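Beneath this line is the structure, given in structure tokens, with notes to follow.
Note that this is a predicted model, so its numbers are computed, not measured.
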Amino acid sequence: MHKQQVMARLAAAAALAMASFGATAQSVSFVEPADGATVSSPFKVKFAVSGMEVKPAGEMAANTGHHHLLINGESMKAGESIPFDDNHLHFGKGQTEAEVKLPPGKYKLTMQFANGAHQSYGAGLSKTISVTVK
């Protein structure tokens, strides 16, 4: 390989590495409760998101949205509207924590981040944990 080819490849690799380094990964996580926790009702749920900004429902800026908690539900496909019912809790004021009341039992809690129109960002911005309410 000629020196110019080597230098061109190194420059391209460096540019790609810089672009990747600058990109912020988008994800959500539960700060609490921990996966597998046993909790007493009501219990605190704390949400975290990275690579996106929490904004109230109705605001439709890029890379923004708000949290939803799905009780015994699955991650929703990107673009799907999150229903308004007892098993789909909306935090449209931009809340990042809430007190949740559930009767005793085992539950799957799925956090789903969605845009200002309550349309899911998909599985990449979803996280599921299990809890037992005593």
Side-chain angles (χ1 to χ4, degrees):
M1 211 180 315
H2 292 26
K3 186 176 180 182
Q4 284 180 321
Q5 289 175 315
V6 170
M7 295 303 286
R9 286 188 180 178
L10 285 173
L16 183 60
M18 295 285 280
S20 307
F21 184 76
T24 304
Q26 296 176 331
S27 66
V28 293
S29 60
F30 284 92
V31 176
E32 68 179 78
D35 188 22
T38 298
V39 297
S40 297
S41 189
F43 59 97
K44 185 177 283 193
V45 176
K46 285 187 178 182
F47 309 111
V49 63
S50 60
M52 299 287 272
E53 188 177 351
V54 176
K55 293 280 188 183
E59 293 193 29
M60 293 295 290
N63 297 316
T64 67
H66 60 279
H67 296 286
H68 298 81
L69 185 64
L70 288 52
I71 311 297
N72 292 329
E74 302 289 326
S75 168
M76 298 182 67
K77 292 180 185 169
E80 238 180 1
S81 292
I82 298 174
F84 284 86
D85 62 32
D86 291 344
N87 293 324
H88 297 83
L89 308 181
H90 291 248
F91 300 99
K93 293 180 182 174
Q95 303 97 309
T96 57
E97 62 181 64
E99 291 286 321
V100 176
K101 256 182 121 167
L102 292 171
K106 293 184 183 284
Y107 294 91
K108 178 172 65 171
L109 304 179
T110 300
M111 179 192 329
Q112 182 69 66
F113 204 69
N115 67 18
H118 307 281
Q119 296 166 324
S120 170
Y121 279 117
L125 283 169
S126 171
K127 176 77 174 177
T128 300
I129 63 170
S130 297
V131 298
T132 301
V133 178
K134 61 179 180 176

Heavy-atom check, side chain of [X] versus side chain of [Y], under 4.5 Å:
{"X": "Val100", "Y": "Pro42", "value": "no"}
{"X": "Val45", "Y": "Met111", "value": "no"}
{"X": "Ser126", "Y": "Thr110", "value": "yes"}
{"X": "Ile71", "Y": "Leu109", "value": "yes"}
{"X": "Gln119", "Y": "Met76", "value": "no"}
{"X": "His66", "Y": "Gln95", "value": "no"}

Heavy-atom donor-acceptor pair, [X] side chain to [Y] backbone, under 3.5 Å:
{"X": "Asn72", "Y": "Lys108", "answer": "yes"}
{"X": "Glu80", "Y": "Lys77", "answer": "yes"}
{"X": "Asn87", "Y": "Leu70", "answer": "no"}
{"X": "Ser41", "Y": "Leu102", "answer": "yes"}
{"X": "Thr64", "Y": "Lys55", "answer": "no"}

- Lys/Arg N to Asp/Glu carboxylate O, Glu32 vs Lys44, below 4.0 Å: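 Salt bridge absent between Glu32 and Lys44.
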
- Message: Run the side-chain hydrogen bond (donor to acceptor under 3.5 Å, both in side chains) test on Ser27 and Ser50 for me, step by step, so that the C-alpha distance in whole Å, both residues' side-chain angles and the decisive distance to 0.1 Å come before the verdict.
- Response: CA-CA 5 Å; Ser27 66; Ser50 60; 3.0 Å; yes

- Have His90 and His88 got a donor and an acceptor in their side chains that come within less than 3.5 Å?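 No pair is found: no donor N or O on one side chain lies under 3.5 Å from an acceptor on the other.
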
- Task: Could you walk me through whether Tyr107 and Val39 pass the side-chain contact (heavy atoms from CB on, under 4.5 Å) test, one step at a time?
- Result: CA-CA 11 Å; Tyr107 294 91; Val39 297; over 6 Å; no

Which heavy-atom pair separates [X] from [Y] by the least distance, and what is that distance?
{"X": "Ser75", "Y": "Gly122", "answer": "OG-C, 4.0 Å"}
{"X": "Ser40", "Y": "Lys134", "answer": "OG-CE, 2.9 Å"}
{"X": "Pro33", "Y": "Ile129", "answer": "O-CD1, 3.4 Å"}

- Does the pair His67 and Phe113 meet the rule for a ring-ring contact (aromatic ring centres under 6.0 Å, His included), with working shown? CA-CA 5 Å; His67 296 286; Phe113 204 69; 5.0 Å; yes

How long is the straight-line distance from [atom2] of [Y] back to [atom1] of [X], given to the nearest 0.5 Å?
{"X": "Leu89", "Y": "His68", "atom1": "CG", "atom2": "NE2", "result": "9.5 Å"}
{"X": "Phe30", "Y": "Lys46", "atom1": "CZ", "atom2": "NZ", "result": "14.0 Å"}
{"X": "Lys106", "Y": "Thr38", "atom1": "NZ", "atom2": "OG1", "result": "7.0 Å"}

- Message: Run the side-chain contact (heavy atoms from CB on, under 4.5 Å) test on Asn63 and Gln26 for me, step by step, so that the C-alpha distance in whole Å, both residues' side-chain angles and the decisive distance to 0.1 Å come before the verdict.
- Response: CA-CA 9 Å; Asn63 297 316; Gln26 296 176 331; 3.1 Å; yes

- Please lay out, stage by stage, how Phe47 and Leu69 fare under the test side-chain contact (heavy atoms from CB on, under 4.5 Å). CA-CA 9 Å; Phe47 309 111; Leu69 185 64; 4.2 Å; yes

- Message: Do Ile82 and Val28 sit in one hydrophobic cluster, given that two such residues count as connected whenever their side-chain heavy atoms are within less than 4.5 Å of each other, even indirectly?
- Response: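 Not linked; separate clusters.
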
- Task: Start with the C-alpha distance between Ser81 and His118, add both sets of side-chain angles, then the distance that settles side-chain contact (heavy atoms from CB on, under 4.5 Å), and finish with yes or no.
- Result: CA-CA 6 Å; Ser81 292; His118 307 281; 5.7 Å; no

